[in-house]
Amino acid sequence: MPELPEVEVVRAGLAPALVGSRVADVEVLDARALTRHAAFGPDPAGDFAARLAGQGILSAVRRGKFLWFPLSSPAGECVVGHLGMSGQMLLRAPGAPRERHERIRILVEHPSHGLVAWVFADQRTFGSLAIDPLVATGDGAPGGFGDDRALVASQAAHIARDPLDPAFDDLALRRALARTSSAVKRVLLDQRVVSGVGNIYADEALWAARVHPETPARALSTRAANRILAEVRAVLTRALAEGGTSFDAQYVNVNGQAGYFARSLQAYGRTGEPCPRCGRPIRRAAFANRSSHFCPACQRAPRVA
DNA sequence: GGAATAACCTGGATGC
DNA sequence: TGCATCCAGGTTATTC
């Protein structure tokens, strides 16, 4: 499932082909891939294509799991996208066969690479694209990774910066942890507090920090909170270096290739296998409509009050 | 207002 | 073999 490392791999892969290019054609094959654009009237597909036609693409930017591509229009708009659970952004040759779950195909012309097909494919249709206005960031820092301007897609403006962003506010995270009795994992998954972290890397960071996912956030010491943040950064950095985590065909880079970090996971998806640290079996537990994976020995459950 | 939960969705795995 | 059910989980709307 695409989290920060996977989305960054996609952004970095798209940038050379898209930045500096101009949109030559837009095909919307499934309007469900435009749910984020649905506010633009009764024909979101037609509106999306019309607004995008002829636009230049200025940069490829990411904050957390959101991607956006500022356009040359004087209106200050961008194409904003979220991959959801199974979205893919692929680069293909013009006229290449349709991908199995292809939803949108945007043909761009790049001054060096010529015509390139930018394909949005998505099995579960939780992902979406939209034309979106750019708005000023609240702190004056660059809106995301890939663009120095203090602008952010409006649909991504409500989420916090991600932990790899130089402008990430460590103190704000510690304060957020200190003011809620919610489980620490729930806070890590709250994109308004810290963006880019999903179920996989939350489990991995908490395992590395030896903190049980159900620990009430406000019960954490400052030292433990700092350790969790350090481990979040470490696991995201390692995963990024290995091209992200691929369990199946749901996550691939822009060329359709899988990442390697699944081999480096210590807890996530390893139910029943020995903990790499102590040898006790990794346990899986239901958590907020999904699962947590942890070592019951290394990560002690919080005491019930 | 904060916190928890349901809904959205497809396809692979599993059980009968 | 075929059908039903479960599961994966990011975001957002709804409910408490």
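Quick note: numbers below take in every heavy atom, side chains included, and nothing from hydrogens, waters or symmetry partners. Keep in mind that this is a model prediction, so the values were computed, not measured. So you know, we letter chains A, B, ... as the sequences are listed, proteins then strands, and number each from 1.
With the 3.5 Å cutoff on both pairing distances, Watson-Crick and G-U pairs in DNA chain C assemble into runs of at least 3 at B:2-16 with C:2-16.
Side-chain proximity of A:R100 to B:dA3, B:dG11, C:dT11: nearest is B:dG11. Taking the side chain of A:H158 as heavy atoms from C-beta on, and the options C:dT12, B:dT10, B:dC9, the nearest nucleotide is C:dT12. Set against C:dT11, C:dG10, B:dC9, the side chain of A:N199 has C:dG10 as its closest nucleotide. Distance from the side chain of A:E3 is smallest for C:dG10 among the nucleotides C:dG10, B:dC9, C:dT11.
A salt bridge is absent between A:D25 and A:R105; no separation between the charged side-chain nitrogens and carboxylate oxygens falls under 4.0 Å.
Between the side chain of A:R186 and the base of B:dA3, no donor-acceptor pair under 3.5 Å is found.
Residue A:T180 is classed as a sugar-phosphate contact, given heavy-atom separations below 4.0 Å to backbone atoms only.
Between the side-chain ring of A:F126 and the base of B:dC8, a stacking contact exists by the 5.5 Å and 30° definition.
Listed by residue number, A:R284, A:N289, A:R290, A:S291 are the residues of residues 283-293 of chain A with a heavy-atom contact under 4.0 Å to DNA chain C.
Geometrically, A:R186 engages A:F287 in a cation-pi contact, judged by NZ or CZ lying under 6.0 Å from the ring centre and within 45° of the ring axis.
Note: A:L188 CG to A:Q191 CD = 10.0 Å, rounded to the nearest 0.5 Å.
Between A:H82 and the phosphate of C:dT11, there is a side-chain N or O to OP1/OP2 separation shorter than 4.0 Å.
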